[in-house]
Structures are given as C-alpha cells and as structure tokens.
Protein chains: 2
Amino acid sequence: MFSKATEYALRATIYIARKSSEENKLGIEEIAKAINSPKSFTAKILQKLTANNGIISSVRGPGGGFYLSSKAQKRPVRDILHVMEEDGVLGKCVLGLKKCSEAMPCPMHAEYKGIKQQLIQLFEHTTIQQLARDADKIIPSNKQGRH
Amino acid sequence: MFSKATEYALRATIYIARKSSEENKLGIEEIAKAINSPKSFTAKILQKLTANNGIISSVRGPGGGFYLSSKAQKRPVRDILHVMEEDGVLGKCVLGLKKCSEAMPCPMHAEYKGIKQQLIQLFEHTTIQQLARDADKIIPSNKQGRH
DNA sequence: AAAATAAAGGATATTTTTGTCCTTAATTAT
DNA sequence: ATAATTAAGGACAAAAATATCCTTTATTTT
Ligand code: FES
Ligand code: FES
C-alpha cells in the first residue's frame, strides 16, 4: 500500500510517540533498531518529518534526540502520509486512471469507493496518540527509553 | 496501491475482455492507446499474462492479437494481481510489519483488518467479466475493435 | 575553550521499476 | 516459396526508490 519510506515514517513516529517526551528524547540508533529499519535512511525520513515545525521535534547535541510534543501527538496519522507525499494513494483510482471521480468512474469505482472512504476516515480520524496507546496495550511499555 | 505495471495489467485485461473475442482479436497498438499506457512496456505485461495458458490468450501473425477466452473471463480479478505478483499487498500489514496477524498485531491492525477483508473479498469475488460489463455500462461499446 | 554527542545535510551507491528498441518466431496471405 | 503481419523475447536505458557514508552544525559536558 505505502512505500517503505512511508512505512518507516509511520512506525518511527508511533515508536517516538510511545517512548519519548520532551524530557526523554530518543536517538536515531534506538529508533531504527526498534522499528527494524535502516538507520541512515530512517534518519533522512525523520529529517523530513522534523522539517519546518513538522510532526516530530528534534534537538542536537548530548541529551538530544527526537520526541513528539503533546500537540503533535494529537495530529491525525494522515499528516504523516502528507509529509511523505503519499496521502494521494488514499484518493487514487485503483486502476490508475488520472482521476477517481463519479463523473468518469472506472469499472471498480462503485465497489471500491466505500473502501476508499473507510481508508480515508481511518487515517483522518486516528491520531498518532491513539496508535501509540494501542501499541502500548499490545506490548506494554514501561515508558523508559533513555539511550 | 498497485504498481503501474499492475494498473496497466488490470486496465488492459478489462479492455481486452470488453472488446475482443476469439474471432476478433486486438493488437497491442490499439490496447496501449485505449488504456493510455506505454506500448512496449504493456507488451511485456501482456506476455506475462499470456504465459503458460494464463489469463490472456494470444495468436501471432496476421489477424492475430490478444483475446480472452470465455473461461478466462470468469476468473476473479485477483488472478491478475497474482500473475503480477502483487496479490501480497492485499494481505500486507499497513505499517509494513513482516507479518500481519492477530498474534502480533500492529497498532492499526484492529481498525484495518476489516478494510483489508473487504479489499480481499472485492478482488476475489469480482470477475473480469463483471468489470468488463460494468465498463460497458459506463461507456457503451459497440463491440467492434478490429485493428 | 576543547571535547564529546547527536541531528542535519550533501554526495554517492545500489536496487527496483519503468520504459524503449531491435531481433526472432509464428502465422497468414499472396 | 515469399512477403507481410503480429506477438515473443532479449538487451539496454532512464528514472525512481532505497540505502550508505561522510562532513557539517548545534548543543552540552568537561
Ligand atoms: S475511478 Fe477508479 S476507483 Fe474511482
Ligand atoms: S499487523 Fe499491521 S495490519 Fe495487521
């Protein structure tokens, strides 16, 4: 569904949301290890998510690292897709027509549009925080994570 | 959602299903033009779909071309994905975990699995023929198509 | 001030996907 | 038989996605 870059972005952001706070930042080493992604490539992705007051916050130097502000935690998951320039896939035609519309629908449109709507709703209504909490429910975390 | 190759495969197969028969085959030129895809690349894809008694039938030489047997018409759309080796995307974890399962679910799993099931059902239960007919309903075809 | 730490950023490499072109093989028409 | 037509297949090219490495910048600790 999504590119590897976007998958890493989602996993990393959720991990950071779970394990970090402004007082307890995470290093790229730990993050990449935890989400099972290539370190340097993940660093690039976090740069994207960090750029111009983005979703993730970062601080350089000793004690620095990545964290999510409580404001950022409340943002919808779709914002991550947007930064990764892949939110388009949610609205795209399954058959790859230039435009998915009622005016010029492909033969799968009628059956697919409901699913598409659910996908959009899911990513729009789910916040990063909700996913972080769900993840914690699945694998309870002790909210440590110093590196 | 799918690669360009798979999108072309879907569009081409549906087009062939609509416009061809064993007595009225279609050339690659017409197909590529009709579905708005690069000709040579589409030819490769049709080769894949044609290989070892696949979904599409083909005949070389004058009067030759591509067509779909009535048996092939009844196959589920998912078979196209399978040949293109992309049926995996339907079962994949949205966050890219190695395995999507109840045993080791990602934080989106609970919300996503319903959508996933619908997607699988859609591609499993929809036949090529059904899509071809739907397409004909949208843009009525006079079932010509000699090239 | 100097050293250490950690992210930011640039350059480059590798792999995959997408795309083109040309030759070969099969089939039909002349 | 020869020529014409059309898909099959191989080789290659271009672009995009994925990945690594090294240098620079900001920040903190000594
Ligand atoms: S037009 Fe194809 S999904 Fe809407
Ligand atoms: S485990 Fe991620 S969608 Fe099922």
Side-chain angles (χ1 to χ4, degrees), chain A residues 1-9 11-12 16 20 22-33 35-68 83-86 88-89 96 145-147, chain B residues 1-13 16 20 22-33 35-68 83-86 88-89 96 145-147:
Chain A
M1 166 110 65
F2 301 118
S3 67
K4 296 219 172 173
T6 295
E7 289 176 353
Y8 299 153
R11 298 216 298 271
I16 296 167
S20 83
E22 192 157 358
E23 306 81 48
N24 185 14
K25 309 187 192 75
L26 304 181
I28 183 64
E29 189 96 36
E30 176 188 347
I31 295 166
K33 211 162 273 174
I35 68 168
N36 188 33
S37 67
K39 190 176 72 169
S40 294
F41 190 48
T42 307
K44 291 270 187 259
I45 291 162
L46 293 192
Q47 273 178 42
K48 248 187 165 173
L49 292 163
T50 304
N52 35 266
N53 273 313
I55 294 164
I56 298 176
S57 306
S58 74
V59 174
R60 295 195 237 195
F66 299 93
Y67 68 98
L68 251 78
V83 172
M84 299 305 292
E85 295 165 296
E86 282 206 39
V89 306
R146 207 75 220 53
H147 50 277
Chain B
M1 167 108 67
F2 300 119
S3 67
K4 297 224 170 171
T6 295
E7 289 176 353
Y8 299 153
L10 291 165
R11 298 216 300 271
T13 306
I16 295 167
S20 83
E22 193 158 358
E23 305 82 48
N24 186 15
K25 310 188 192 74
L26 304 181
I28 182 63
E29 189 96 35
E30 175 187 348
I31 295 166
K33 211 162 271 174
I35 68 168
N36 187 35
S37 68
K39 190 177 73 170
S40 294
F41 189 46
T42 307
K44 292 266 186 261
I45 292 163
L46 294 192
Q47 273 178 44
K48 248 187 165 174
L49 292 163
T50 305
N52 36 268
N53 272 314
I55 295 164
I56 298 176
S57 306
S58 73
V59 175
R60 296 196 236 193
F66 299 93
Y67 68 98
L68 251 79
V83 172
M84 300 305 293
E85 294 165 296
E86 281 206 39
V89 306
R146 211 73 217 52
H147 51 278

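Naming: A, B, ... by sequence-line order, numbering from 1 per chain.
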Note to self: Could you work out, with salt bridge (Lys or Arg N to Asp or Glu O under 4.0 Å) as the rule, every residue matching B:Lys39, not counting sequence neighbours?
What the structure shows: B:Glu29
Margin query: Using a heavy-atom cut-off of 4.0 Å across all strands, would you classify B:Leu46 as base, sugar-phosphate, or nothing?
Written below: nothing
Check: Under 4.0 angstrom, heavy atoms only, what part of the nucleic acid is A:Ser40 near: base, sugar-phosphate, or nothing?
Finding: base
Please state how far atom [atom1] in [X] lies from atom [atom2] in [N], giving the value in whole angstrom units.
X	N	atom1	atom2	answer
B:Lys4	C:dT18	NZ	P	8 Å
B:Tyr67	D:dT6	OH	P	16 Å
B:Ile35	C:dT18	CD1	P	14 Å
B:Ile45	C:dT20	CD1	C1'	13 Å
A:Ile56	C:dA8	CD1	C1'	14 Å
B:Leu49	D:dG9	CG	P	13 Å
A:Ile28	C:dA8	CD1	P	9 Å
A:Phe41	C:dA8	CZ	P	16 Å

Residues in side chain to side chain contact (heavy atoms under 4.5 Å, CB included) contact with [X], at least two apart in sequence or another chain:
X	answer
A:Glu85	A:Lys48
A:Ser3	A:Ala5, A:Thr6, A:Glu86
B:Ala9	B:Ile45, B:Leu49, B:Ile80, B:Met84

Next item on the list: Starting from the 5' end of DNA chain D, give me the residue, B:Gln47 or A:Ala5, whose nearest nucleotide shows up first.
Entry: B:Gln47
Next item on the list: Tell me whether the OP1 or OP2 atom of D:dT18 has a side-chain N or O from A:Tyr8 closer than 4.0 Å.
Entry: no
Item checked: Residue-phosphate contact under 4.0 Å: A:Ser58 side-chain N/O, C:dA6 OP1/OP2 -> no
Please produce a list of atom pairs where a protein N or O lies less than 3.5 Å from an N or O of nucleotides 10-16 of chain C.
unit_1, atom_1, unit_2, atom_2, d
C:dG10, N7, A:Lys44, NZ, 3.1
C:dG10, O6, A:Lys44, NZ, 2.3

Note to self: What's the separation between atom CD in A:Gln47 and atom CZ in A:Phe66, rounded to the nearest 0.5 Å?
What the structure shows: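 Rounded to the nearest 0.5 Å, the CD-CZ separation comes to 7.5 Å.
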Notebook entry, point to check: In Å, rounded to the nearest 0.5 Å, how long is the span from CG of A:Asn36 to CZ of A:Arg11?
Noted result: 6.5 Å
Notebook entry, point to check: Shortest non-hydrogen contact from B:Val89 to B:Phe2?
Noted result: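 The answer is CG2-CE2, 3.3 Å.
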Notebook entry, point to check: Which heavy-atom pair separates A:Ile16 from A:Tyr67 by the least distance, and what is that distance?
Noted result: CG2-CA, 3.6 Å
Notebook entry, point to check: Cut-off 3.5 Å, side chains only: do A:Thr50 and A:Ser58 have a donor facing an acceptor?
Noted result: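 Note: A:Thr50 and A:Ser58 side chains miss the donor-acceptor criterion.
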Under 3.5 Å, which N/O atoms of the protein pair with N/O atoms of nucleotides 25-30 of chain C?
unit_1, atom_1, unit_2, atom_2, d
C:dA25, N3, B:Arg60, NH1, 3.3

